[in-house]
Amino acid sequence: MATPGGQGGGALSTRGGARRMKWALELTLGNARGRGDRQSNQGDVMYPIGYSDKPVPDTSIQESDKNLVEKRCWDVALGPLKQIPMNLFIMYMSGNTISIFPIMMVCMMAWRPIQALMSMSATFKLLENSNQQWLQGLVYSVGNLLGSALAIYKCQSMGLLPTHSSDWLAFIEPPVRMEIMGGGMVL
Amino acid sequence: MKPPAKMSKPTSLFVIFFSLFVMSEAVFEDQVGKFDWRQQYVGKTLFAHFDSHSQSSKKLFLATDKNIFASFNSRTGELFWRHVDKAGPEGTIDILLLHGQDALMVVGGGRLLRSWDTNMGGLNWEAVLDTGSFQAACFVAMQDTVKHVAVLKKAAISLHYLTNGHQKWVENLPDSDTVQYQAVYSGGEEEVYVLGVVPNSHLTIIAYSLEDGEIIKQRSVEAPWLSSVESSCVVVGHGVLMCVDTATLALYALPIQAEEAPQFNQILLQVTPVQPRLEVSPGFQPVLVSSQPHPARSPISEFFLQLGPDHHVLLQLNADGYTIAPLRDFQPAFLVSFSTTGEKTVAAVMTPKNETSDVFPPQLYVHAFLKKDDSVGYRVLVQTQDHALTFIQQPGRVVWTREEALADVVTMEMVDLPLTGTQAELEGEFGKKADGLFPMVLKRLSSQVILLQAWLAHLWKLFYEARKPHGQVKNEVTIETLSRDEFNLQKMMVMVTASGKLFGIDSKSGSILWKHYLENVQPNAVFKLIVQRTTAHFPHPPQCTLLIKDKDTGLASLHVFNPIFGRKSHIAPPALPRPILQSLLLPVIDQDYAKVLLLVDDQYKVTAFPSTKNVLQQLQEMASSIFFYLIRSDQGNLSGFRLRKDLSTERIWEVVLPTEVQKIVAVNGKRPNEHVHSQGRVMGDRSVLYKYLNPNLLAVVTESTDAHPERAFVGVFLVDGVTGRIIHEAVQRKARGPVHFVHSENWVVYEYWNTKSRRNEFSVLELFEGTELYNSTVFSSLDRPHLPQVLQQTYIFPSPITTMEATLTEKGITSRHLLVGLPSGAILSLPKMFLDPRRPEVVTEHSREENLIPYAPEMPIRTEWFINYNQTVARVKGIYTAPSGLESTCLVVAYGLDIYQTRVYPSKQFDVLKDDYDYVLISSVLFALFFATMISKRLAQVKLLNRAWR
């Protein structure tokens, strides 16, 4: 099957070469119009005939891939929980004095879980493919809540939370005087 | 291994040191006189002399009733120097004599004889005199030079050298138990004459030899009409004693030096050939005035006879020594005086120019003085009844006036200055009721235009003045230009003086803006100054009321005036027919925004002022919540009263402290304008210890009547003024007064003398309600079942003190300091932090958290705490504090002999940029950064564009 084709091809070529070539193989890039502009962007690469640079969707579903997605989703869900030991360490190291660095750390610690909880919908989109989506979401939010609880605990131990009566002292109005009194030594 | 306690000590010390370092505040050198001023006074003049030593001299010497010897610049009235002696009878100046460069003074009722160098004001010498009450003193001359001074005591006469004060001789006076020796005279001869009198019997003349004090002559002259040499006799001419008999209105002449048995020559006033006939005003004791220009010469033969309060006659003793020639009759004439220069003598006569001038009848002194050789010039120093010293020069021009009444300030208040017209306009805009949208907008726009105009005018003025040389620009403060400044730092000081003169002083510059003399004020009157309406109620003028109580009759009167202009108000004060015991200012206001003053009379009836219908109605409604207390120190009685609806009162409680054991010396409530910002104190564990802030609490201080050092004690009672409940009593054994104390917020600080350890001690009492508030919304003394917790601590203070006051700020956020006046004249600003009964003996974590200083028994005095650096306030009597518009700033006035005004910042100036804040640097940096941002933004744009082109 291949031989007659080849012959035929050769005949075509020789015909074209004689008067009007039946077919021609262009080796320079400039005239390769049919491939379009995309080729020129990708450098001077000569693609073999029949090559398509569009990915071919792999339609076959494999068991191992599914596991991978699951794993990845669990990674996302467990992320906040994994940070807690680190945070604990930082908390321990920064101490309870109120100065700029511990405050910044506490702010970071408090802000990150809150941010994460606010962008919960985006995270859920990530976990869409997992079939344990709800569990993972729960674990994720619990982790974040734990993180913020830790931050609050840190605030508490630093004395930043208005939990004592002294924190509300400034708001106590002076009591209204019921009696009017005056006098003194007899002049 | 080191114990941990040792480790903590250096750190705690460091903390304390650091806190001290932070607290220390002092005036920088270039701030001297910027916020503060001092005025020095001397008091009422007793003796005055002009320095006649040299023609160009401009010195003036005064001895005053405040035991001060001072020298003034006669051109400006400024003080050259001043010697403040001990207060009280120990330092009284009995006489001041001036000769050449020596000023001689007998001090303390004849205790000391002092000689001062008038040039520098230094002490030449001081001699202790023998005991005996002082009678008279004079210079004694010998051969035309003054070398001695003779001092006459009740029973002795002594002669002292002028050069060193050594005693030449001292002689006892014969019959000193019957004869009252009252005068000493020396006319430049070899003798000193002592004149004594046995009242209504005879006159004794004793001549002492100058050399050895031997009695040369001793004679007695019948004089049954004579009762006192001092008041009715003078020496005139060549040693002729001229006496006036008040009963028969006759003049008597007697030559002192006469050898033979002398006799008084009677010259009847009625028969003297004077036209018109001389008549003594009814009830007036005639007085003679003569002059002895030089101690080495006889007195001049002309003399004045005062026949009435405003009637003087100039008389001359003829050469025969027995007859009198009248020279001139002066009527009206209040005061007369002689003055001599060289051979010429002038008689100065003060006559009132118009009828209104009798408001200020000059009371004491006219000193005339001759300055030129041929023409007679004069300078006159007049002391008026209101203690003002006026210096007048030749054409009758007043050169200067000194208000010496301010040496004795009794009480004072500070009043806010009024808003300017534009400010008031703005305020008025908000005050009025809304009358539609459009008129409101128009009003707003017009006020904005006014503001703009004022601002432009201000700018123009600034520009205009900037071209003038710096020295000429003077911000003269006058009553018209007075207006409140941005932070209400400038106020009007209303001062009440013991002489009954009121002053309005600008607190910024110290200039006297108005003065008002109240006549008929008794010397021992009691004053109470009350601000009834402040400047905050614009169309209504501010109103102050002065309660003046006469101690003798007990009757009181009210003087109502405008504190900004000093004018008497047209509001008629109520008639007070009964003696007034106390007054009480209510926070109730009438329709004119004046606070109501209640006056309690001796029948415990109450008079309200103002007493309009509105006020009476309000009083009726509130009567059940109005209480007052009265303390009678002589009976040891504290009693509380409640107001009834008909303005009578009922006694509801009484506390008696037996007067045999102790007597009440002072009582103090809290200041009504005091604000307490924080209702509690934060503990180290961050719980709250609530303060016991009872507005009705009184601190009553008693001293034991037993003065024995072992048994003497000082008591402090904290009494609720409404219920009479004794909240706390603290008794300090082996302690003696005088007790100085301050009662404020929830604490009382008092100072006393510890007789056992012989030192001054401060003690502080603080009252706390505990960690729970009983009732946080209302305070009623009638509903307080729990007694407060009381903490006390005592400290040793290294100096005695004379007065004490606490700083006061607008909102009470700033920490408090105690202002302590020391006898040295310094005013100490002592942080209340050091007087805190919670200061721990052992430092703990909690106490460190609370910034408590560990307890140390000794209270330090740091020199940077003296707020008046070297501007000492002599004999500081009181300190007045007033809040300013700035929370950080408290205005302080210390008064006594001097007046000193300053500002204090107990927590430093946290709400103001510093004085030396570098505006130029900051603004240039800001501008530079701004331009740098602009440029770099532009550059960045260019760069991006270029990159896009590539």
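Each chain gets a letter, A, B and so on, in the order its sequence line appears, and its residues count up from 1.
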N/O donor-acceptor pair under 3.5 Å between A:Trp168 side chain and A:Pro162 backbone: yes
Residue B:Met622 versus chain A: region with a heavy atom under 4.5 Å: side chain
Ring-ring centroid check A:Phe124 A:Trp134, cutoff 6.0 Å: yes
Residue selection (most heavy-atom pairs with chain A, distance under 4.5 Å) from B:Ser678, B:Ser781, B:Gly640: B:Ser781
Chain A contact via B:Leu693 - side chain, backbone, both or neither, heavy atoms under 4.5 Å: neither
Chain A contact via B:Val667 - which portion, at a heavy-atom distance below 4.5 Å: both
Test side-chain contact (heavy atoms from CB on, under 4.5 Å) applied to B:Phe641 and B:Glu654, B:Glu650, B:Arg651, the passing residue: B:Arg651
Proximal component of B:Asn668, with respect to chain A [non-hydrogen, under 4.5 Å]: neither
B:Ser624 versus chain A, the contacting section by heavy-atom distance below 4.5 Å: neither
Exceeds 12 heavy-atom contacts within 6.0 angstrom, atom CZ of B:Arg644: yes
Interchain contact, B:Tyr690 with chain A, by part (heavy-atom threshold 4.5 Å): side chain
Pairs of heavy atoms under 4.5 Å with chain A: top-ranked of B:Ser633, B:Gly721, B:Gly554: B:Gly721
For the student: nearest non-hydrogen atoms of B:Lys595 and B:Leu586, plus distance: CB-O, 3.5 Å
Part of B:Ser780 lying under 4.5 Å from any heavy atom of chain A: both
Contact origin within A:Glu179 toward chain B - heavy atom pairs under 4.5 Å: both
Portion of B:Ile664 that has a non-hydrogen atom of chain A nearer than 4.5 angstrom: both
Contact summary for B:Tyr604 and B:Leu581, nearest pair of heavy atoms: CE2-CD1, 3.8 Å
B:Arg671/B:Glu745 under salt bridge (Lys or Arg N to Asp or Glu O under 4.0 Å): CA gap, chis, key distance, verdict: CA-CA 9 Å; B:Arg671 289 180 65 165; B:Glu745 285 190 24; over 6 Å; no
Backbone N/O of B:Ile589 and side chain of B:Gln618: donor-acceptor pair under 3.5 Å: yes
Pick from B:Phe779, B:Phe628, B:Tyr629 with the largest number of heavy-atom pairs that fall under 4.5 Å of chain A: B:Tyr629
